[in-house]
> 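Provided herewith is a single structure, encoded as structure tokens, for subsequent inquiry.
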2 protein chains.
Amino acid sequence: MGIELSLSNALWLLHDISLDIVHDDDKDLSPRQLTILLTVYLETPPHTVRGLAEKLQVSKPVITRALDAMSVAGLLKRRRDNEDKRNVLVQRTVAGALYLEGLAEIVQNRAADLRI
Amino acid sequence: MGIELSLSNALWLLHDISLDIVHDDDKDLSPRQLTILLTVYLETPPHTVRGLAEKLQVSKPVITRALDAMSVAGLLKRRRDNEDKRNVLVQRTVAGALYLEGLAEIVQNRAADLRI
DNA sequence: TTAGAATAATTCGGTTCCGAAACAACAACT
DNA sequence: AGTTGTTGTTTCGGAACCGAATTATTCTAA
């Protein structure tokens with residue numbers, strides 16, 4: 001199970017992906033923002049500010065500010081939890097899904113181009 | 001040649017790597033800084049400020065500031081080019097090599113853990 | 001019902017980053 | 001020599017980010 005990568009190939013893969021992201025990404029997400037976005041889209045809901053802060057091991061204001069920025073960019077949206085109105089549920093958007101799909105294609109292509 | 005990844009696996013790989021980096025990395029390199037570091041260590045020398053700026057398609061001050069930060073952290077070092085003293089040659093360090101080796105291991109492990 | 005806990009957001013001061021422009025040092029060429 | 005071009009750095013104002021503390025809202029449980 002899984003993929004066997006040499007150390008060299010692992011670094012080259014990281015290099016190629018990073019270069020593509022620096023080139024293409026006008027959104028310029030920080031590592032934390034990207035991690036939040038990926039978590040919201042991949043892991044099973046619900047996603048709260050507190051849960052995300054624990055998952056990433058950062059403070060809650062960091063999550064709040066990251067959500068502010070990505071909400072403005074339309075990459076995800078907030079909704080109040082009607083069960084417990086203290087909670088904010090972070091939800092996906094079409095724009096966010098498209099953005100991550102582009103990112104996934106970068107990874108796909110760079111992995112496919114690796115000289116094994 | 002290369003590795004075939006589904007879109008889902010590509011995203012999960014990115015997610016797992018990002019999460020590890022956010023967790024472990026006290027150095028907290030920006031995407032640009034990481035890309036510079038990987039370029040210096042992987043591509044064939046010499047590496048100049050101008051060359052790196054062109055490669056990443058960013059301005060030269062961005063490179064200068066990134067080199068400042070990473071020099072302080074000991075991840076790489078600058079040396080004047082004796083052939084053309086306008087140039088600064090960016091060179092590797094032991095600390096930088098160790099840092100990238102740790103990063104490569106993260107990628108290796110997360111790729112190995114993928115459910116294909 | 002009321003005191004305490006939990007949640008997310010906001011404020012605060014300080015730091016860092018950015019892009020554009022100006023700058024200093026050096027090279028190349030007439 | 002002198003002029004022009006190149007290279008890397010620095011400066012400047014504005015914007016973004018951070019951690020810690022505070023606030024407002026909501027829930028929980030005595």
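Each chain gets a letter, A, B and so on, in the order its sequence line appears, and its residues count up from 1.
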> Go nucleotide by nucleotide along DNA chain D from the 5' end; which of B:K60 and A:R80 gets its closest nucleotide reached first?
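Comparing both residues, the 5'-ward one is B:K60.
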
> Rounded to the nearest 0.5 Å, what's the gap from OG1 on A:T39 to CG on A:L76? Could you check?
11.0 Å

> B:R32 CZ to C:dC18 C1': how many Å, rounded?
8 Å

> Quick one: are B:E43 and B:K55 in side-chain contact, heavy atoms under 4.5 Å?
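When only atoms from C-beta onward are counted, B:K55 and B:E43 do touch, with a gap below 4.5 Å.
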
> What salt bridge (charged side-chain N to carboxylate O under 4.0 Å, His left out) pairs are there with at least one residue in residues 90-110 of chain B, not counting sequence neighbours?
B:D20-B:R110

> Do B:L38 and B:L103 have side-chain heavy atoms sitting under 4.5 Å apart?
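Result no, sub-4.5 Å side-chain heavy-atom pair not found.
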
> Would you mind reading off the distance between A:R65 atom CZ and C:dT15 atom C1', rounded to a whole angstrom?
13 Å

> Going only through I, L, V, M, F, W and Y residues with side-chain contacts under 4.5 Å, is there a path from B:M70 to B:Y99?
yes

> Rounded to the nearest 0.5 Å, what separation is found between the CD1 atom of B:I36 and the CG atom of B:L67?
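Rounded to the nearest 0.5 Å, the CD1-CG separation comes out at 6.0 Å.
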
> Respond yes when some side-chain nitrogen or oxygen of A:T64 is under 4.0 Å from OP1 or OP2 of C:dA8, and no when none is.
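Checking C:dA8 against A:T64, no side-chain N or O comes under 4.0 Å of OP1 or OP2.
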
> So which heavy atom on B:L56 is nearest to which on B:T35, and how close?
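For B:L56 versus B:T35, the nearest heavy atoms are CD2-CG2, 3.5 Å.
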
> To the nearest 10 degrees, what angle separates the axes at the start and end of the helix from C:dT1-D:dA30 to C:dT30-D:dA1, five pairs each?
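One end axis against the other gives 10°.
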
> Which residue pairs pass the side-chain hydrogen bond (donor to acceptor under 3.5 Å, both in side chains) test when at least one of the two sits in residues 56-77 of chain A, sequence neighbours left out?
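Residue pairs passing side-chain hydrogen bond (donor to acceptor under 3.5 Å, both in side chains), neighbours aside: A:D68-A:R78.
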
> Supply the atom-to-atom distance B:L52 CG to B:E54 CD, rounded to the nearest 0.5 angstrom.
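Interatomic distance, B:L52 CG to B:E54 CD, rounded to 0.5 Å: 10.0 Å.
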
> Tell me: CD of B:Q33 to P of C:dT16, nearest whole Å?
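After rounding, the reported distance stands at 12 Å.
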
> Just so I know, are the side chains of A:S18 and B:P31 near enough to count as touching, which here means a heavy-atom distance under 4.5 Å?
no

> Drop me the distance from B:L42's CG to A:L19's CG, to the nearest 0.5 angstrom.
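Taking CG in B:L42 and CG in A:L19, the distance rounds to 11.0 Å.
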
> How many angstroms lie between CE in A:M1 and CG in B:D113, if you round to the nearest 0.5 Å?
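Result: 7.0 Å between the selected atoms.
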
> Go through DNA chain D in 5' to 3' direction and return only the first and the last nucleotide with some atom under 4.0 Å of chain A's heavy atoms.
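Reading along DNA chain D, I get D:dC17 to D:dC27.
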
> Nearest 0.5 Å please: distance from the CG atom of A:L34 over to the CD1 atom of B:I21.
9.5 Å

> Which parts of nucleotides 21-30 of chain C does protein reach within less than 4.0 Å, heavy atoms only, written one letter per nucleotide 5' to 3' as B for base, S for sugar-phosphate only and - for none?
B----BS---

> Heavy atom of residues 34-59 of chain B under 4.0 Å from DNA chain D: which residues?
B:T48, B:V49, B:R50

> Please tell me if A:R78 has a side-chain N or O lying less than 4.0 Å from either OP1 or OP2 of C:dA8.
no

> Figure out the CG/C1' separation between A:D68 and C:dT10, and round it to whole Å.
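After rounding, the reported distance stands at 10 Å.
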
